[in-house]
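Proteins get letters first, then strands, A, B, ... in listed order; numbering begins at 1 in each.
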Protein chains: 2
Amino acid sequence: MDHTRWLDAEEMRMWTAFLGAGTLVDRELDLQLKEETGLTHLQYGIMAALSDSPRGAMRMTELAERLINSKSGLTYQVGQLEKAGLVRRKPCDWTRGIVAELTDEGRAALERAAPGHVAKVREVIVDVLTPEERRVIADALGRVRDRLLEGEEGTCW
Amino acid sequence: MDHTRWLDAEEMRMWTAFLGAGTLVDRELDLQLKEETGLTHLQYGIMAALSDSPRGAMRMTELAERLINSKSGLTYQVGQLEKAGLVRRKPCDWTRGIVAELTDEGRAALERAAPGHVAKVREVIVDVLTPEERRVIADALGRVRDRLLEGEEGTCW
DNA sequence: ATCCGCAGGTTCAAATTTGAACTATGAACG
DNA sequence: CGTTCATAGTTCAAATTTGAACCTGCGGAT
């Protein structure tokens, strides 16, 4: 009873490209960020998320969802950033909980880090693709992501 | 002197989709594998690589390259697999070094794990995309990956 | 009021990952 | 042969990640 539909050559080509690119791109960005700014990609992600947020602050759980990370992982990394003086925790005004907020120093660090980071993102992926490819990937992988996010409703790690 | 070319909306859409899909797909596969077989995605990758190999065995360094992982990480995980009796280490015949080789038990475990794994890969990504999207992604991300692999010649972590 | 149940966060131990040192062995060369 | 080098793997401590157990405040039902 082998009902398994194995991957054909073309499907496998896509799958390995996707996996390999994901791993390598991530590593490359991590190296560049650590090298130039001492931040990890995750830490940069946290700060970028805070900076994007309309209030300049986010609740821990929102952060965890947005960055797709476990709550305890976030607690740890926000702790690191707090030690470094880049982020501050404070009780949340508009609802129970705690928000993380960029300090002035944190905002400055992010602004210093951003140009190099964006340049690297362009170098390793954005500028390597054609506009058409970017469009297709945005649609296709956006769909993949959204389906997984939905399936996750109410899941809490 | 702000020469930074920031990402426009479309570029950002692609970038976040790529990042998000990468993270979520990886997590999903890890969960499924641990749940059904007790293996991590990395361990599955190691065993699959060994199984693919013409000799049914690979040198540690080859494995590290193929799986895009650090050497010490491999040492650790191969150690785990060895403890579990799924993999065996032995001195390499045709050149110095050590090869890892699937045991019979390991091969059996891989065969048990594969159908569920492939099904999940289809469910989360392969079957979510159209053939045309798969083709574009294979080409585009394959290029991204290969450029990074080249730039890495001689790098050893 | 009091008791549940739970959402938001944290803590803690265990597992994993990292990177830098370290060991060992084969290859090239005199 | 003996020396020197580069390569293949391992080891070790430190950093990070995980998941489960644990606090805590709060709303609603009784």
Q: Fit a plane to each ring of H41(A) and H117(A), take the angle between them on a 0 to 90° scale, and name the class: parallel (under 30°), tilted (30 to 60°) or perpendicular (over 60°).
A: tilted
Q: Can you check the L81(B) CG to dT16(C) P distance for me, whole Å?
A: 10 Å
Q: Is the phosphate of dA15(C) approached by Q77(B) (side-chain N or O, under 4.0 Å from OP1 or OP2)?
A: no
Q: Does S72(A) get its side chain close enough to the base of dG19(D), under 3.5 Å, for a donor-acceptor pair?
A: yes
Q: Output the distance between atom OG1 (T37(A)) and atom CD (E35(A)), rounded to the nearest 0.5 Å.
A: 9.5 Å
Q: Would you mind classifying the nucleic acid contact of T75(A) as base, sugar-phosphate or nothing, using non-hydrogen atoms under 4.0 angstrom?
A: base
Q: Using whole Å, report how far CG of L39(A) lies from P of dA15(D).
A: 17 Å
Q: Go through the steps to decide whether V99(B) and E62(B) satisfy the test side-chain contact (heavy atoms from CB on, under 4.5 Å), and finish with yes or no.
A: CA-CA 9 Å; V99(B) 296; E62(B) 279 181 284; 6.0 Å; no
Q: Below 3.5 Å between N/O atoms, which protein atoms pair up with nucleotides 21-29 of chain C? Just atom names and distances, please.
A:
none

Q: For dT17(D) and Y76(A) - does any side-chain N or O of the residue sit under 4.0 Å from the phosphate oxygens OP1/OP2?
A: no
Q: Out of dG8(C), dT18(C), dT10(D), which nucleotide sits closest to the side chain of N69(B)?
A: dT18(C)
Q: In whole angstrom, what separates R27(B)'s CZ from dT18(D)'s C1'?
A: 11 Å
Q: Do E36(B) and Q32(B) meet the criterion of a side-chain donor-acceptor pair at a distance under 3.5 Å?
A: yes
Q: Pick out which of L42(B), L81(B), D52(B) makes a side chain to side chain contact (heavy atoms under 4.5 Å, CB included) with M47(B).
A: L81(B)
Q: To the nearest angstrom, how far is E35(A) atom CD from dT18(C) atom C1'?
A: 16 Å
Q: Could you state the CG-P distance from L42(B) to dT17(D), rounded to the nearest angstrom?
A: 16 Å
Q: What is the separation between atom CG on L67(B) and atom C1' on dT16(C), rounded to the nearest whole Å?
A: 16 Å
Q: Counting N and O atoms only, with roles assigned by atom type, does the side chain of R88(B) sit under 3.5 Å from a partner on the main chain of E82(B), one being a donor and the other an acceptor?
A: no
Q: How close or far is atom P of dG9(D) from atom NZ of K90(B), stated in whole angstroms?
A: 14 Å
Q: Starting at the 5' end of DNA chain C and moving along, which residue's nearest nucleotide shows up first, E62(A) or Q43(B)?
A: E62(A)
Q: Between F18(B) and F18(A), what is the ring plane arrangement, given parallel below 30°, perpendicular above 60°, and tilted in between?
A: perpendicular
Q: Does a nitrogen or oxygen in the side chain of R89(A) sit under 4.0 Å from OP1 or OP2 of dT10(C)?
A: yes
Q: Find the distance I98(A):CD1 to dT11(C):C1' and express it as a whole number of Å.
A: 14 Å
Q: For DNA chain D, whose closest nucleotide is more 5', that of Q80(A) or that of K34(B)?
A: Q80(A)
